[in-house]
Amino acid sequence: MKIVIIGGTGLIGSKTVERLRRQGHEVIAASPNTGVNTMTGEGLAAALVGCDVVIDLANSPSFEDKAVMDFFETSGHNLLQAEREAGVKHHIALSVVGTERLQESGYFRGKLAQERLIKASGIPYTIVHSTQFMEFLGGIAQSGTVGETVRLSPANVQPIASDDVADAMAKVALAPPSNGTIEIAGPERFRLNELVSRYLKVSGDARKVEADPEARYFGARLDDRSLVSDDEPSLGHITFEKWFETAARK
Ligand SMILES: NC(=O)c1ccc[n+]([C@@H]2O[C@H](COP(=O)([O-])OP(=O)(O)OC[C@H]3O[C@@H](n4cnc5c(N)ncnc54)[C@H](OP(=O)(O)O)[C@@H]3O)[C@@H](O)[C@H]2O)c1
């Protein structure tokens with residue numbers, strides 16, 4: 001099977017490319033670094049010739065509200081149009097658990113726009129909603145940092161390691177389209193402020209975390225349901241401790 005992975009050089013993309021190649025599939029890692037740009041359309045048509053499945057694992061280079069919306073709308077439009085022309089049979093995209101509940105945030109408004117384009121595209125699809133990647137804990141800490149203090153909501157989180165996410169994406173690529181959304185999450189639930197505090201401590205980072213229910217998460221106020229699944233997500237198996245011992249030290 002020929003599979004094109006948009007954002008195939010990124011965190012989840014590169015791990016998904018590796019897994020599907022190991023299983024003998026023809027996999028193209030498509031990104032600006034390999035000559036494929038979904039914002040400009042460069043290299044898209046050539047990459048999609050004879051392609052069965054597209055997995056979109058790209059992310060906006062900027063998290064500024066307008067830049068994110070432009071990225072997901074323009075990229076989504078160009079990519080889905082090129083897929084229709086190439087006769088792609090399954091479009092898969094990675095989005096975030098709670099996207100529809102986080103609409104105070106410009107980033108999540110961009111992700112919802114991406115999801116709406118997919119649903120309206122006429123191409124059979126599967127949207128995968130993931131919880132926060134464990135690899136993103138440092139970015140979350142950074143987003144709440146002022147001076148030496150990190151202010152974060154005590155809302156529930158259930159983070160997942162990127163290796164578990166890539167396993168799930170590779171599995172979805174080989175399954176029929178669900179024409180719906182499936183959810184994945186890590187095996188353990190934490191309070192966001194407590195987990196980031198633990199992460200900083202084991203990383204030897206002196207910053208202190210303060211719980212603040214009003215602290216915004218990329219612009220959105222959180223409650224205990226915002227970032228965790230309502231249903232029964234498929235669970236990864238890598239715990240925070242195991243992840244930190246291995247992946248975080250690579
Ligand atoms: N972070 C989280 O906790 C989380 C949770 C759930 C879902 N997600 C979603 O997961 C997805 C993947 O995230 P990630 O952290 O793996 O991303 P990442 O490591 O930041 O990689 C982003 C990828 O997008 C590519 N890209 C950027 N601009 C592009 C363009 N114009 N055309 C084609 N490709 C382009 C980059 O290519 P170059 O290397 O060539 O620049 C890179 O391969 C995102 O859509 C994100 O919303 C994230």
Side-chain angles (χ1 to χ4, degrees), residues 4-19 27-48 54-63 67-80 82-83 91-100 102 105-115 117-118 127-143 157-166 168-170 172 181-186 192 195-196 199 217-218 226-229 233-234 236 243 247:
V4 172
I5 304 192
I6 307 293
T9 55
L11 173 67
I12 307 299
S14 55
K15 289 174 187 263
T16 306
V17 167
E18 192 187 294
R19 280 158 174 74
V27 185
I28 295 190
S31 82
N33 271 321
T34 66
V36 181
N37 190 326
T38 49
M39 284 298 277
T40 61
E42 181 200 348
L44 255 186
L48 293 180
V54 169
I55 313 179
D56 185 1
L57 298 172
N59 206 359
S60 172
S62 161
F63 278 26
V68 171
M69 185 58 84
D70 281 352
F71 181 83
F72 285 114
E73 281 190 338
T74 307
S75 287
H77 175 82
N78 289 340
L79 179 58
L80 293 162
E83 287 181 34
H91 177 94
I92 300 163
L94 182 56
S95 191
V96 189
V97 164
T99 290
E100 63 291 348
L102 295 162
S105 158
Y107 184 80
F108 291 98
R109 289 195 292 276
K111 292 301 287 182
L112 192 62
Q114 178 191 23
E115 293 186 22
L117 284 171
I118 295 166
I127 295 171
V128 179
H129 267 190
S130 168
T131 54
Q132 285 59 49
F133 308 154
M134 289 189 195
E135 286 78 0
F136 193 47
L137 289 173
I140 295 174
Q142 201 50 43
S143 74
V157 280
Q158 198 165 332
I160 182 166
S162 60
D163 280 317
D164 279 337
V165 179
M169 298 315 293
V172 170
T181 302
I182 62 164
E183 297 200 313
I184 59 173
L192 180 61
L195 179 62
V196 172
Y199 169 74
Y217 181 78
F218 298 95
S226 305
L227 299 178
V228 292
S229 175
S234 294
W243 169 74

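Counting starts at 1 for both ligands and their atoms, in listed order. Model, not experiment: these values are computed from the prediction. What's counted below: heavy atoms across the whole structure, side chains too, no hydrogens, waters or symmetry copies.
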Protein contact of atom 2 (C) of ligand 1 - nearest heavy atom, named by residue and atom, plus distance: Phe133 CD1, 3.4 Å
Region of Phe136 that comes within reach of ligand 1 [heavy atoms, distance under 4.0 Å]: side chain
Protein heavy-atom partner closest to atom 40 (O) of ligand 1 - residue, atom, separation in Å: Ser31 OG, 2.8 Å
Gap separating the OG atom of Ser226 from the CG atom of Leu192, nearest 0.5 angstrom: 10.5 Å
Under 3.5 Å: N/O of Ser95 near N/O of ligand 1: no
Under 3.5 Å: N/O of Leu57 near N/O of ligand 1: no
Test: Arg19 and Asp163 ion pair at under 4.0 Å: yes
Stepwise side-chain contact (heavy atoms from CB on, under 4.5 Å) check, Glu42 with Val36: CA-CA 5 Å; Glu42 181 200 348; Val36 181; over 6 Å; no
Where ligand 1 meets Thr9 - atom numbers and elements under 4.0 angstrom, heavy-atom basis: 37 (O), 38 (P), 39 (O), 40 (O), 42 (C), 43 (O)
Contact (N/O only, under 3.5 Å) between Gly7 and ligand 1: yes
Test log, rule side chain to side chain donor-acceptor pair (under 3.5 Å), inputs Gln158 and Thr131: CA-CA 6 Å; Gln158 198 165 332; Thr131 54; over 6 Å; no
Gly10 neighbourhood, listing ligand 1 atoms whose heavy-atom distance to it stays under 4.0 Å: 19 (O), 21 (O), 42 (C), 43 (O)
Reference residue Glu183; test side-chain hydrogen bond (donor to acceptor under 3.5 Å, both in side chains); the match among Ser95, Ser130, Ser229: Ser229
From CZ (Phe71) to CD (Gln114), nearest 0.5 Å: 8.0 Å
Aromatic ring pairing Phe63/Phe136, orientation class (parallel under 30°, perpendicular over 60°, tilted between): tilted
Interatomic spacing from CD1 in Ile140 to CE in Met134 - rounded to 0.5 Å: 11.5 Å
Close-contact set for ligand 1 against Met39 heavy atoms, below 4.0 Å: 31 (N)
Identity and distance of the protein heavy atom lying nearest atom 47 (O) of ligand 1: Tyr107 OH, 2.6 Å
Non-hydrogen atoms of Leu44 and Ala82 that approach each other most closely: CD1-CB, 4.0 Å
Nearest protein heavy atom with distance in Å, relative to atom 16 (O) of ligand 1: Ile12 N, 3.0 Å
Side-chain donor-acceptor contact under 3.5 Å, Ser162 with Glu135: yes
Heavy-atom nearest neighbour in the protein, as seen from atom 34 (N) of ligand 1, with distance rounded to 0.1 Å: Pro32 CD, 3.3 Å
Nearest protein heavy atom with distance in Å, relative to atom 10 (O) of ligand 1: Leu94 CD2, 3.3 Å
Point-to-point distance, once rounded to the nearest 0.5 Å, from CE of Met69 to OG of Ser60: 11.0 Å
Subset of ligand 1 atoms that lie under 4.0 Å from at least one heavy atom of Val36: 32 (N), 33 (C)
Which residue and heavy atom of the protein sit nearest atom 17 (O) of ligand 1, plus the separation: Asn59 CB, 3.8 Å
Atom indices of ligand 1 within 4.0 angstrom of Lys111 heavy atoms, with elements: 44 (C), 45 (O), 46 (C), 47 (O)
Protein contact to atom 41 (O) of ligand 1 [nearest heavy atom, distance to 0.1 Å]: Asn33 ND2, 4.0 Å
Phe71-ligand 1 polar pair, N/O distance under 3.5 Å: no
Sidechain-backbone polar pair: Asn78 side chain, Met39 backbone, donor-acceptor under 3.5 Å: yes
Side chain, backbone, both or neither: Thr131 near ligand 1, heavy atoms under 4.0 Å: backbone
Closest to atom 31 (N) of ligand 1 among Val17, Leu11, Asn37, Leu79 (heavy-atom distance): Asn37
